There are 2 protein chains.
Amino acid sequence: MKPGHSHVPATQAFANGIPNGGTPANHVTAECARVAPVLSRIGDKWTVLVVTFLGRGPMRFNALRREIGGISQRMLTLTLRSLERDGLVTRTVYATVPPQVEYALTELGRSLLIPVLAIRDWARQNALQIEAAQQHFDALAAAARPACGGVAHTGGRPSAVGVDEIAHLQSER
Amino acid sequence: MKPGHSHVPATQAFANGIPNGGTPANHVTAECARVAPVLSRIGDKWTVLVVTFLGRGPMRFNALRREIGGISQRMLTLTLRSLERDGLVTRTVYATVPPQVEYALTELGRSLLIPVLAIRDWARQNALQIEAAQQHFDALAAAARPACGGVAHTGGRPSAVGVDEIAHLQSER
DNA sequence: CAGCATCCATTACGATACTG
DNA sequence: CAGTATCGTAATGGATGCTG
């Protein structure tokens with residue numbers, strides 16, 4: 001996600017914070033208020049991809065674009081800007097004709113690479129197991145829903161986060 | 001969230017001397033297609049929080065809600081459902097009055113906890129450095145942008161991402 | 001207590017067109 | 001080549017009200 005969100009989960013907690021109610025969560029929420037935006041960055045659609053690609057070495061804009069494959073120019077620009085802003089990548093402009101811009105991880109960026117690769121590897125290793133779990137879950141959900149029989153209420157599933165998830169990609173036109 | 005590259009020609013060879021060697025490049029894109037949804041899940045607004053809290057032990061719905069602090073019921077439900085669907089948490093209903101539902105990490109969920117905590121710790125350790133980088137970046141951006149009357153010199157950079165978020169940079173005070 | 005359903009605002013993202 | 005500007009759409013997520 002973009003770093004734009006003004007609302008971090010902690011605001012409400014503190015607004016409601018009863019001094020006597022004694023929620024043990026105070027330090028936790030304060031902490032995650034700082035951590036949350038970083039996690040949002042990690043989890044947005046392209047950051048991890050970009051960082052891992054840059055982890056192989058410096059790259060120019062369109063090279064990155066081509067390598068990554070599905071990213072729009074806009075999103076690559078935005079992602080790189082955010083990363084630059086966070087001090088995770090450097091942007092070096094060579095005043096040539098045509099212009100060349102090279103992106104590279106900073107030291108901080110390389111340190112991020114380590115846990116990021118760990119997550120990626122976890123995802124890689126457990127992707128099949130997760131898919132299996134999903135299918136199992138969906139099968140049970142379908143069985144538990146006596147939808148058939150004529151009355152089809154609107155839609156069936158909200159599909160907000162859960163069931164859907166596999167769709168929506170424009171390949172090309 | 002999911003870059004379902006249905007195509008992505010495997011035309012590219014890495015132009016930067018990547019330690020890729022003989023591995024076909026399309027392997028990478030196919031792989032990240034599987035990895036991407038997992039990363040999206042990780043990066044959504046609440047998953048990491050929920051997983052880390054559950055990492056401490058099983059918890060009931062409203063306990064979780066209270067602990068986390070800023071989460072709406074809807075999002076907690078949705079997040080837990082997704083996690084359950086992915087086989088990362090179990091949901092146990094006790095047929096008491098009033099009903100009790102307990103959530104706990106599965107084995108898979110606990111294995112996820114490891115890299116997730118690594119990321120969280122990274123975020124924690126580098127939050128200040130990132131904030132500093134952001135302020136530095138924003139300062140430069142502001143300096144490059146003449147707010148009034150001045151010279152509109154080329155080189156005045158980003159207005160795309162920057163402006164909108166400096167205002168909201170502070171999460172809580 | 002746990003949880004769905006509905007409405008609604010904000011945001012993310014892709015496509016497209018234009019610039020230095 | 002490497003962007004920027006603008007638009008439309010889809011997804012995200014909060015608030016509220018209803019259920020067993």
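None of the values given here were measured: they were computed from a predicted structure. Every chain is numbered from 1 and lettered A, B, ... according to where its sequence line falls, protein lines coming before strand lines.
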Min side-chain heavy-atom separation B/I114-A/W122 under 4.5 Å: no
Sub-4.5 Å side-chain heavy-atom contact between A/Q73 and A/F61: yes
Short heteroatom pairs, N/O only, protein and nucleotides 17-20 of chain D, under 3.5 Å:
none

Once you round it to whole Å, what is the distance between [atom2] of [N] and [atom1] of [X]?
| X | N | atom1 | atom2 | value |
| --- | --- | --- | --- | --- |
| A/F61 | C/dG20 | CZ | P | 18 Å |
| A/W46 | C/dC13 | CH2 | P | 9 Å |
| A/L78 | D/dA5 | CG | P | 11 Å |
| A/L76 | C/dC13 | CG | P | 13 Å |

Phosphate contact (C/dG3 OP1 or OP2) by B/R91 side-chain N/O below 4.0 Å: yes
Single-linkage hydrophobic cluster, 4.5 Å side-chain cutoff, A/M59 and A/Y94 together: no
Gap between atom CZ of B/F53 and atom CG of B/L64 - 0.5 Å precision: 8.0 Å
Residue list, salt bridge (charged side-chain N to carboxylate O under 4.0 Å, His left out) with B/R91, at least two apart or on another chain: none
Touch class at under 4.0 angstrom, heavy-atom based, for B/Y103 against every strand present: sugar-phosphate
